[in-house]
Trainee: 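Just dropping this structure here.
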Amino acid sequence: MDYDAQEIETRWQKAWADSKSFEAEVDHSREKFYCLEMFPYPSGHMHMGHVRNYSIGDAMARFHRLMGRNVLYPMGYDSFGMPAENAAKKEGGHPHHVTHRNISSIREDQERMGYSYDWRRFLATSDVDYYKWNQEIFLTLNESGLVERRTAPVNWCIDCDTVLANEQVKNNRCWRCGLEVVQRDMSQWFLRMTDYSDELLDELDNISFPENVKAMQRNWIGRSHGAHIDFKVNGSESVIGAFTTRPDTIFGVTFLTLSPEHELCEELCAGTEWEGAWRDLLDECTRMSEFERINMLKEKKGVFLGRYAINPLSGEEVPIYAGNFVVASYGTGAVMAVPGHDQRDFDFASRYGLEIRRVLIASPGDDPEAELSSAFDGYGPMVNSAMDDFDGLSGDHAKTAVIQELEKNGAGHGSVQYRLKDWLLSRQRFWGTPIPMIHCESCGIVPVPSEDLPVELPLDVKFTEDQKGNPLESHDFFVNTICPECGDPATRETDTMDTFYDSSWYFMRFCDAGNDQSPFDREAVDYWMEGGVDLYIGGIEHAVMHLLYARFFTKATRDHLMNEVGEPFGRLVCQGMLNAPAPFCIDCNTEYHVDHFEADCPSCGSPLSSRSAKMSKSLGNTVSPEEMISKYGADTVRLFILFGANPEAGMDWSDSALEGNHRQMFAIIEAFQSVQSMDESPSEIDEWLMARIRSNQSTWKEAMMDVSLREGVMISHFEMISDWNWYRRRGGANRSTANDFLRAWIPMLAPATPHIAEEFWNIMGNEALLAEHVVEATETRSGDTHVLAKERYLRNVISSARNLRSMAEKHSEGGISRVVIQTSAQWKSDLARESLRLDSEGFDFKKDGQSHVQSLPIFQNEAMRGEIFQTWMALTVGSKKKRGRIHTWPEGDISLIGSELNEAEVLSSNSDFLAEALDVKHVSVYSVGEGEDVAGKARVAFPLEPGIAFL
RNA sequence: GCAGAGGUACCCGAGUUGGUCAAAGGGGCCGGACUUAAGCUCCGGUGCAUAGUGCUUCGCAGGUUCAAAUCCUGCCCUCUGCACCA
């Protein structure tokens with residue numbers, strides 16, 4: 001068969017589409033499987049990262065269909081966002097057109113790969129029939145009190161001309177363009193995600209996310225338990241609230257530190273000699289980017305504010321400082337400083353000559369007055385407490401006692417702090433969902449009534465290169481409206497929503513994508529989303545943002561009774577990076593663009609080596625999927641991707657491995673073709689092949705269920721073929737066995753290489769499509785291990801004979817022409833069976849083994865005693881390195897021995913095959929004693945390990 | 001610094017409820033068969049030693065055990081995330 005991948009693949013893609021093979025509907029009588037990939041931003045063409053993502057998903061979707069599940073496998077596009085807007089500016093078009101052009105292009109690429117999506121459920125978030133539901137849900141969230149408008153300093157990217165969420169700022173740089181972020185005060189829309197902080201955190205324990213993702217989310221939410229403590233300012237009405245996780249160190253407070261931005265700073269030092277220094281510090285801190293600030297913070301700096309605060313428990317007065325290391329946005333922006341037990345405070349106190357006091361000791365009995373050379377930040381018994389009844393308490397007991405005392409005095413309380421912030425939703429951009437709110441001079445801010453939705457983005461906007469700001473602001477028709485409450489002229493909100501909003505519920509929309517009455521129907525969502533999306537596949541880069549927002553959203557809509565589940569994703573798989581070689585300078589630890597291959601390092605001049613690096617445009621080490629598909633076909637690319645590494649593991653692109661996989665496709669075809677020439681000629685090996693099929697199928701299913709695709713593919717695309725080849729070498733040529741083999745094998749090929757599988761299926765004469773086929777459940781049979789073990793016995797004999805042969809050659813003068821195989825003496829096999837029987841009865845070989853063997857009748861033969869004893873030991877005890885055989889024989893070998901397998905008969909009935917495999921003219925087989933003891937090999941012969949002599 | 005994941009033969013990569021592990025599978029390389037010829041396909045080999053049960057290997061160093069790639073301790077290194085977060 002010629003392998004014209006292009007022809008075969010496009011033909012079957014059309015057939016699948018024509019027969020609507022992948023269209024799924026709610027069906028309560030069937031088990032569902034919701035397989036989803038993180039939908040892409042349509043940036044033109046599909047790249048290899050996409051190919052990997054979707055090849056994993058498609059394999060799993062196809063596998064679960066084969067297993068008879070009702071599979072929902074949709075695809076859509078996360079199509080709002082800045083790149084389209086920027087592209088529109090560049091070409092003077094509209095982002096809507098740019099987006100749709102890109103969508104058709106990437107969709108074409110996806111279709112060419114043969115992914116089995118239910119395309120009826122297609123959605124693009126920038127289409128009004130999607131984003132109108134964004135607005136509808138926004139009104140719902142507003143009703144639930146989860147929407148808030150407040151002025152806040154926001155992260156602003158000048159280049160992108162937009163606001164950024166905290167998550168979108170990395171190292172004080174915009175995640176998208178890399179420019180440094182500045183702070184700006186603005187009136188903004190927020191979603192109160194922090195209302196769900198605890199649930200978002202606690203539920204992590206119950207969901208099947210990879211550990212690193214859980215760790216990142218826990219980090220991000222950053223819950224810490226402690227106490228809020230109020231320090232009165234001496235001679236003032238003001239109170240400084242400080243959060244601490246270590247209330248047990250309250251008596252070690254020797255000063256307070258405020259962040260320079262803290263509102264009390266000015267009040268405390270205004271008009272005093274201290275004011276100037278504080279202003280300098282404040283200027284220095286605000287002027288610097290956060291990034292510089294962190295670097296600078298290696299040096300702790302602070303100024304005295306001229307006032308004192310009162311420790312609410314001890315009544316002690318402590319100085320108040322402003323310090324550059326205190327973060328304004330965390331907690332209250334004020335820290336109770338305990339230099340004895342916090343390293344930062346210790347450094348600060350050392351520098352400014354403040355008291356360092358020990359109030360904890362490491363373990364009971366330590367000297368409470370021992371000097372501290374660095375902060376002790378562990379837990380231990382309290383000492384030197386300024387109040388009675390505290391000394392000696394440690395850890396949680398100490399914390400609780402202090403908190404209780406604070407509460408008694410009305411000076412504080414137990415408190416929980418989170419790092420998680422509310423979700424800043426507003427973006428001052430055009431290409432996003434308009435926030436459905438109206439500003440009215442008399443009524444204030446009024447939500448757009450649900451019946452007036454959608455608020456549509458105008459299509460008649462001209463985008464130009466030098467445009468500034470948000471074009472919506474200058475679009476009169478969009479901006480000017482009427483207040484729904486008073487009817488007076490009013491203006492629309494021109495902010496649009498962060499695009500993460502769009503992707504926070506699209507998985508629910510997919511369950512009911514055609515619904516034009518509501519975002520989704522509850523019945524459909526409850527069916528498909530039960531237990532969450534069964535398999536969600538995507539990149540690790542969404543670990544905190546998208547995955548956290550989506551979890552929040554699902555809980556919020558759940559609480560609005562729109563859906564049952566609270567956790568959207570049952571099992572999450574984060575696919576590993578796709579790497580390819582890039583030039584690398586060892587000295588500079590830097591990767592360069594592939595143009596620099598064979599060249600010297602541009603910065604230090606030393607010769608560049610090569611290193612595997614994440615495929616990226618900037619390094620130019622990308623591979624075009626289209627090119628690979630046109631060269632090798634989609635099946636080869638899919639096979640390479642899936643066999644190259646397990647989904648979670650990183651993987652290196654390799655041209656030679658890809659070619660290897662292409663060759664494997666030919667091997668698969670070759671194997672398939674060889675099946676065609678079979679007659680009715682049953683033989684013993686048929687039984688073996690059938691047993692192999694059953695065993696392969698069961699391990700394959702297990703691997704696939706577990707998303708261990710590499711292992712699955714190894715069985716379906718490699719093991720099955722080598723078994724088939726072995727079958728043929730062993731003389732297998734039976735048509736009905738071959739048919740059984742194909743019926744089992746071809747479906748196994750479908751998840752990774754669906755086109756060739758469908759082609760085979762068709763050639764076999766099946767009327768129905770393989771894509772719609774459900775495999776019948778098969779189970780391994782009780783006799784299988786025995787059958788398999790028998791064949792493995794033969795293979796093992798061949799393999800050890802081969803090893804011996806190469807050595808025998810060195811000792812033979814005239815070359816080797818025959819082999820004599822002596823199988824184990826009967827008494828050895830009897831002994832083996834005896835010891836296995838004893839072992840199963842719990843016999844103590846160490847204690848009673850020796851006397852037992854001596855009591856055997858065979859032991860009467862004095863000449864044999866030595867060998868008997870040796871055999872017995874090898875069977876039951878073993879040597880230093882090798883344990884007794886009865887303990888190491890696999891189940892199948894035990895079965896062979898138990899069934900009194902006639903080894904000599906097995907081998908001699910296969911003597912022609914042995915002769916061929918060992919490349920000798922003549923093979924003689926007999927059990928020890930029934931023929932001449934050639935070369936003294938009788939002694940070596942052991943059950944399942946015959947003595948072999950080459951002559 | 002904290003947290004998570006890792007370090008397996010030339011390369012990639014399985015194996016980590018201790019024994020069936022000199023360690024699957026693939027790539028590469030070597031040899032053989034087939035073929036007009038192969039860059040196709042098939043078969044064999046690929047730590048060292050050796051007419052077979054031997055030696056040395058799974059980041060390094062110790063330990064537990066009759067027995068360790070697998071368990072424990074310490075150390076080194078790589079990747080990822082967080083970070084003067086109170």
Side-chain angles (χ1 to χ4, degrees), chain A residues 210-220 222 224 226 242-246 249 257 259 293-294 297-300 323-327 329-338 342-345 347-348 417-419 540 543-544 577 612 643-646 648-652 654 656-661 663-664 666-667 669-671 708 710-711 713-715 717-719 722 725 728-729 799-812 846 874 877-885 887-894 916-917 919 935-937 940 942 945-950:
Chain A
E211 278 310 312
N212 56 338
V213 173
K214 287 189 186 185
M216 282 188 248
Q217 294 211 353
R218 286 195 186 105
N219 247 327
W220 191 260
S224 49
F243 174 74
T244 177
T245 54
R246 296 300 301 272
T249 62
T257 322
S259 86
R293 194 164 162 183
I294 285 165
L297 282 176
K298 283 168 191 149
E299 188 198 356
K300 287 170 189 54
N324 62 357
F325 60 94
V326 180
V327 181
S329 59
Y330 183 79
T332 60
V335 177
M336 67 170 216
V338 185
D342 181 290
Q343 193 57 43
R344 288 161 312 169
D345 297 340
D347 296 344
F348 191 89
Q417 280 291 325
Y418 300 88
R419 218 186 70 115
I540 186 75
V544 273
M577 297 276 179
S612 181
F643 185 60
N646 261 328
E648 279 103 338
M651 110 179 242
D652 291 343
S654 153
S656 66
L658 183 69
E659 277 161 29
N661 285 112
R663 282 200 297 275
Q664 192 63 23
F666 283 103
I669 291 165
E670 159 74 24
S708 297
R710 195 187 133 85
E711 199 188 326
V713 167
M714 191 156 85
I715 293 166
H717 289 67
F718 292 85
E719 287 281 300
S722 48
N725 286 340
R728 287 172 66 206
R729 280 180 71 195
S799 148
S800 45
R802 271 201 185 113
N803 286 334
L804 292 168
R805 193 188 195 286
S806 59
M807 280 174 279
E809 274 167 359
K810 296 176 192 162
H811 293 254
S812 138
K846 258 187 185 160
V877 181
S879 61
K880 228 183 279 172
K881 286 288 263 188
K882 207 163 186 175
R883 212 177 171 211
R885 297 286 207 292
H887 301 112
T888 60
W889 271 322
E891 199 192 336
D893 285 0
I894 290 172
E916 191 206 316
D919 191 22
K937 295 298 172 192
V940 196
F942 197 82
E945 297 165 42
I948 299 165
F950 285 94

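Only this structure's heavy atoms are used, side chains among them; waters, hydrogens and symmetry mates stay out. Convention: sequence-line order gives letters A, B, ...; per-chain numbering from 1.
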Trainee: Counting Watson-Crick and G-U wobble pairs only, both distances under 3.5 Å, name the nucleotide matched with B:A83, or none.
Mentor: none
Trainee: Using a 4.0 Å heavy-atom cut-off, does A:Ile948 contact any base of the nucleic acid, only the sugar-phosphate backbone, or nothing at all?
Mentor: base
Trainee: For B:C77 versus B:U8, give the span between their C1' atoms, rounded off to a whole number of Å.
Mentor: 16 Å
Trainee: Taking the minimum atom-to-atom distance to the side chain of A:Ala215, which one of B:A86, B:A3, B:G27 wins?
Mentor: B:A3
Trainee: When the nearest nucleotide of RNA chain B is assigned to A:Thr332 and to A:Ile540 on a heavy-atom basis, which residue is associated with the more 5' position?
Mentor: A:Ile540
Trainee: Angle class for the A:Phe643/A:Phe718 ring planes (parallel below 30°, perpendicular above 60°, tilted otherwise)?
Mentor: parallel
Trainee: Considering every strand shown, what is the Watson-Crick or G-U wobble mate of B:U35 when both distances are under 3.5 Å?
Mentor: none
Trainee: Considering only B:G52, B:C42, B:G13, which nucleotide approaches the side chain of A:Asn725 most closely?
Mentor: B:C42
Trainee: How close do A:Val338 and A:Asp345 get, counting heavy atoms only, and between which atoms?
Mentor: N-OD2, 2.9 Å
Trainee: Kindly give the heavy-atom pair with the smallest separation between A:Lys937 and A:Ala949, and that separation in Å.
Mentor: CG-CB, 3.8 Å
Trainee: Only one of A:Asp342, A:Thr244, A:Val326, A:Val327 passes side-chain contact (heavy atoms from CB on, under 4.5 Å) with A:Val335; say which it is.
Mentor: A:Val326
Trainee: For B:G28, does OP1 or OP2 lie under 4.0 Å from any side-chain N or O of A:Arg663?
Mentor: yes
Trainee: I'd like the C1' distance from B:A5 over to B:C43, given in whole Å.
Mentor: 41 Å
Trainee: Using a cut-off of strictly less than 4.0 Å, decide whether A:Arg728 has a side-chain nitrogen or oxygen near OP1 or OP2 of B:U41.
Mentor: no
Trainee: Once you round to the nearest 0.5 Å, how far does NE2 of A:His717 lie from CG of A:Asn661?
Mentor: 9.5 Å
Trainee: If you compare every side-chain N and O of A:Arg419 against the phosphate oxygens of B:A86 (OP1, OP2), does one of them come in below 4.0 Å?
Mentor: no
Trainee: Can you tell me the base-pairing partner of B:U70? Count Watson-Crick or G-U wobble geometry only, both distances below 3.5 Å, and say none if there is no partner.
Mentor: none
Trainee: Please report the distance separating the P of B:G19 from the corresponding atom of B:U80, rounded so that it comes out in whole Å.
Mentor: 34 Å
Trainee: When you match A:Lys937 and A:Ala334 each to their closest nucleotide on RNA chain B, which lands nearer the 5' end?
Mentor: A:Lys937
Trainee: May I ask you to say what A:Met216 touches in the nucleic acid, namely base, sugar-phosphate or nothing, with a heavy-atom cut-off under 4.0 Å?
Mentor: sugar-phosphate
